Undergrad: 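Supplied in structure tokens, the structure appears directly below.
This is a predicted model, so every value here is computed, not measured.
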Amino acid sequence: MRFDFVVVGSGIAGLSTAYLAAVRGYRVALVGIPELMSMVAGSSSGILTYHMPSPFLEWSLETLEFYEELGGGVVERVPCIWMSRDASFVDYVASRVREGGVRVRLASSDTLKSMGVDIQFFEGEIVTLGDGFRIMVGKLLDVLTSRFVELGGTIVRGWGYLEGSRVRVGGEVVEGDSIVVAAGAWSRELLGLNNTIVYKCQAVRLEEPRVDYMVIDDTIGFYANLAQDGTLALGDGIKVVVKEPEEALKADKWVIEEVIRRAQRRGLIAGYRVAYTVSAPCLGTADTYPLVGEVRDGIYVVTALDGVGFSIAPALAKLLLDSITKGARIPEQLRPDREIEGDEPREPID
């Protein structure tokens, strides 16, 4: 079989790329197991975050527009409390997102208490109250998959491996004029991306309390978000680097204890019961920028990385497709062949 595009990977980046290529009328094959991804992510609620600098912020706003146009209930607006110590950063984000129709304003302790929110403020920090965007991950994957098929896209179920300019899936060979690898942490091995780092993205799910609002805490470093199964998801930016993606599937107890300690310090939780912990492999670079573009002749990569895949993957998929089909220029800071120094990922908002 031969297609205009063969996309390897059925997560948000892969499905977004395949769907957008199909929308443009190209013959597209998606290699992966969308049903498995949807099942694994079925209870998850990702955060579409705009608390990040340019150009990440621009990609995030573009992705929000994409989700809202997609429909199907994949994105939900909820109250979001954001804490930061950087006044200029808060002003920049607030002014830009208001232009994109996102509501955000400075908040006082009295304002939050009137909402039933009683948390600890720290001296010198800025607190805002505004729109948060909760992504129903399983629903998003299902909607993208069904729309892709409706547009005539082909799904080749299984794990894909590159053989030169072809993709082998079991005993089947799939050929494409352009091959896009969007396999998350496994993209490193498939493409030999030596300038990348694989690390654990870890969180803990608490049975109690039920918190109806989203928290983005840039002061002491954690987030809180109500998951689809009713548990409260707590996570943070602690990076534990591993050699292989499979090593990232088991959470570290000390990371879980630390993020709970931070939530307690904020006053977000007091008594609690742990429902379960989650850990997944993430692909990062020391400069924190994504990889988007051509790796070798006809072989491309798109990876959102650093735990913000829900926020920027569709925008990066569009950027890559514009490059391949229209000759649009990929920004230098995204090119896979750029020079990257360091062996530890840095946070994009540090």
Undergrad: Taking the six-membered ring where the residue is Trp, are the ring centres of Tyr19 and Phe148 under 6.0 Å apart?
TA: no
Undergrad: Indicate yes or no for a side-chain donor-acceptor contact from Arg147 to the backbone of Leu70 under 3.5 Å, with no hydrogens or angles considered.
TA: yes
Undergrad: Tell me, with the steps shown, if Phe3 and Tyr26 meet side chain to side chain contact (heavy atoms under 4.5 Å, CB included).
TA: CA-CA 8 Å; Phe3 299 86; Tyr26 291 102; over 6 Å; no
Undergrad: Check whether any side-chain N or O of Ser60 sits under 3.5 Å from a backbone N or O of Ile312 as a donor-acceptor pair, and report yes or no.
TA: no
Undergrad: Side-chain donor-acceptor pair under 3.5 Å between Arg168 and Tyr161, yes or no?
TA: no
Undergrad: Can you check side-chain hydrogen bond (donor to acceptor under 3.5 Å, both in side chains) on Trp186 and Glu246, steps first, answer last?
TA: CA-CA 9 Å; Trp186 285 271; Glu246 290 76 13; 3.1 Å; yes
Undergrad: Do the side chain of Asp131 and the main chain of Val102 share a donor and acceptor less than 3.5 angstrom apart?
TA: no
Undergrad: Please check: side-chain N/O of Tyr223 versus main-chain N/O of Ala233, any donor-acceptor pairing under 3.5 Å?
TA: no
Undergrad: Run the salt-bridge test on Arg262 and Glu258 with the 4.0 Å N-O cut-off and return the result as yes or no.
TA: yes
Undergrad: Could you report the tightest heavy-atom contact between Lys326 and Arg24, atom names first, then the distance?
TA: CE-NH1, 4.0 Å
Undergrad: Verify, without hydrogens or angle tests, whether Asn225 (side chain) and Ser45 (backbone) share a donor-acceptor contact under 3.5 angstrom.
TA: yes
Undergrad: Would you find a donor on one side and an acceptor on the other, under 3.5 Å apart, between the side chain of Arg266 and the backbone of Gln120?
TA: yes
Undergrad: Would Glu58 and Arg96 pass as an ion pair if we require N to O under 4.0 Å?
TA: yes
Undergrad: Check whether Ser16 reaches the backbone of Ala313 with its side chain - one donor and one acceptor, N or O, closer than 3.5 Å.
TA: no
Undergrad: Verify the neighbour count for atom CZ of Arg2: are there more than 12 heavy atoms of other residues, nucleotides or ligands below 6.0 Å?
TA: yes
Undergrad: Counting the benzene-type ring for Trp, do Tyr289 and Phe56 have ring centres under 6.0 Å apart?
TA: yes
Undergrad: Locate the shortest heavy-atom distance separating Arg166 from Glu175; write the atom from each residue and the value.
TA: CD-OE2, 3.4 Å
Undergrad: What do you reckon, is CD of Glu163 surrounded by more than 12 foreign heavy atoms closer than 6.0 Å?
TA: yes
Undergrad: Under 3.5 Å, side chain of Asp252 to main-chain N/O of Trp254, donor-acceptor pair present?
TA: no
Undergrad: Does Thr231 form a side-chain hydrogen bond (donor to acceptor under 3.5 Å, both in side chains) with Asp229? I'd like the steps, not just the answer.
TA: CA-CA 6 Å; Thr231 60; Asp229 61 4; 2.6 Å; yes
Undergrad: With a 6.0 Å cut-off (strictly less than), is the heavy-atom count around CD of Gln264, excluding the residue itself, greater than 12?
TA: yes
Undergrad: Quick one: does Glu125's side chain have a donor or acceptor within less than 3.5 Å of a partner on Phe122's backbone?
TA: yes
Undergrad: State, to 0.1 Å, how close Ser10 and Pro34 come at their nearest heavy-atom pair, and which atoms those are.
TA: OG-N, 3.6 Å
Undergrad: Testing Leu320, Leu321, Leu144, Val28 for side-chain contact (heavy atoms from CB on, under 4.5 Å) with Leu20, which one passes?
TA: Leu321
